[in-house]
2 protein chains.
Amino acid sequence: MSEVPNTLLGKVMSVLNAFGADDDELGFAELGRRTGLPKATLHRLLGDLTDVRLLDRGTSGYRLGGHLFQLGIRASVERRLVEVSTPYLEDLYERTHETVHLGLLEGHEVVYAAKIGGHRQASSPSRLGGRMPLHATAIGKALLAHAQPALRTEVLSAPLARRTPRTVVTPGMLRRQLATIRQTGVAYEFEESRVGLACVAAPVLGHDGAVVAAVSVAGPAIRFDPRAHAASVHAAATGIALTLIRRATLSSGN
Amino acid sequence: MSEVPNTLLGKVMSVLNAFGADDDELGFAELGRRTGLPKATLHRLLGDLTDVRLLDRGTSGYRLGGHLFQLGIRASVERRLVEVSTPYLEDLYERTHETVHLGLLEGHEVVYAAKIGGHRQASSPSRLGGRMPLHATAIGKALLAHAQPALRTEVLSAPLARRTPRTVVTPGMLRRQLATIRQTGVAYEFEESRVGLACVAAPVLGHDGAVVAAVSVAGPAIRFDPRAHAASVHAAATGIALTLIRRATLSSGN
DNA sequence: TCAGGAGTTCCGCTGACCGGAACTCGGTGG
DNA sequence: CCACCGAGTTCCGGTCAGCGGAACTCCTGA
């Protein structure tokens, strides 16, 4: 919904964005509700999008299309990041045997771009391509701590949504945590996004010091002590950063 | 180039499709050449696409955008397939320590949707999201053998491009190979797509017998004997198929 | 200094896109 | 059995988003 610009592209994006990470299929009516587009317009648009395979028809509605999958896989920077990170994430999983994530900063949220482990149905805090608020997750705080000051100000001045009793919702407290994270390079989370979940995260910094992504390990709060894995997570993040920088300098000399 | 329909969406797709799997960045002029769009039109379009992050500006041109990456990650059926397959592919990699691929049938080509191993720079025959012809790769032949008869006819009646001295370019020969593959459920390739490369592949069949994807293991022809791994590849493909079917029946009863 | 290619801006024309309204199709409940 | 409802589809005249030729600037290399 919310302010679809009156251009074809705007409507297209509004339809595509209507699909959340957990929505496999959406029906015509549900899409109409989410996008706010008139029925006739939506109908034509869905037809056109299906023709170019940005959408596919499912058993009882529409889903994001196979073509989109292909294009997404090719999106160069992100793909590289995931390719480079994978070995490190696998290594981290070997060490911890807990769910490992790679998260990207996107607007005021984290987007999960890779995930290893969490094969058991229960523990997964988030699906691939899913989003989480920055202030309530270790990975989000790691990103936020190293993000542009302007972004930090924006997030801190907006109300911080409470997700569990332990979510940090006071700006002062969060600001102090972020300062610590900036110094130590490690972010923690104890049941702040979800009861029963604990998490460590570390930022991946680019050659210019800007945050590119963050790595995290999450596990059940009862048996999983995030502090025990801080060093491993930090090492993985650093390893990824170094590999990225090496690649960048190599390819620029090409 | 080739017949861009005169609609915005058509132009958009033509721009997005201009990016091949190996193109990280394309300049304005190169995009103009590939899409055949007039400069002014292209310029505006690129601006609009950048605004919605379907494209990003790179150091010296445009690249597929971060938003596309997110959307692609969410494309439901393909994502599921990759999620389900990953453990099997990892297992296969553990057994063989050679490059493992998951490939999807898309038009008259294979699209590589997942890849494990090939960490060494040399051996990778293909990038994620890349395409290869069906007749010249084990994975392509596995897909083709089990595809709709109509597709097989089309591919066999078009000229078969030679990629190496050993590429199968005679329709009769290929037809016989496909028949064998259909019986055995395993496809081979000996330096047909690339000199020095050998490969085994097996199809992943859906509950209705239609091909969904194919799994392959590829290695250097000198030390890698594809026959030795036929059983493992076949087992992985079957395992994936069974898991998919189990999931499908479970969720339909929901 | 000039040539040529890359990228940007201008602006008037027009058909691709818009969306209200009227329709069909399958439930469902009175 | 019909009235109603929500989902999805089709029609069609109006209009503005998008079009693209042309003229422009900004580089870079000879």
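Below, read A as the first sequence line, B as the second, and so on, with proteins coming before strands; counting in each chain starts at 1.
With rounding to whole Å, Leu9(A) atom CG is found 14 Å from dA17(D) atom P. Whole-Å rounding puts the Lys11(B) NZ to dA17(D) P distance at 17 Å. If you take CG of Leu55(A) and P of dG8(D), they are 14 Å apart, rounded to a whole angstrom.
Taking 4.0 Å as the cutoff to heavy atoms of chain B, we find the contact window on DNA chain C bounded by dA6(C) to dC17(C).
Proximity of Leu105(B) to Leu151(B): side-chain heavy atoms (C-beta onward) are separated by under 4.5 Å at one or more points. Side chains of Asp56(B) and Thr50(B) form no contact here, defined as non-hydrogen atoms less than 4.5 Å apart. Between Thr86(A) and Ile116(B) there is no side-chain heavy-atom pair separated by less than 4.5 Å.
Here the shortest heavy-atom pairing between Leu134(B) and Gly107(B) reads CD1-O, 4.4 Å. Considering every non-hydrogen atom in both Leu45(A) and Leu37(A), the closest pair reads CD2-CD1, 4.1 Å.
The stretch residues 38-51 of chain B touches DNA chain D through Pro38(B), Ala40(B), Thr41(B), Arg44(B), each having a heavy atom under 4.0 angstrom from the strand.
Salt-bridge formation is detected for the pair Arg79(B)/Asp24(A): a Lys NZ or Arg NE/NH1/NH2 atom is positioned less than 4.0 Å from an Asp or Glu carboxylate oxygen. A salt bridge between Lys115(B) and Glu83(A) is absent, with no side-chain N of the basic residue lying under 4.0 Å from a carboxylate O of the acidic one. A salt bridge links Glu106(B) with Arg53(A); the closest basic N to acidic carboxylate O contact falls under 4.0 Å.
Residue Arg57(A) places none of its side-chain N or O atoms closer than 4.0 Å to OP1 or OP2 of dG8(D).
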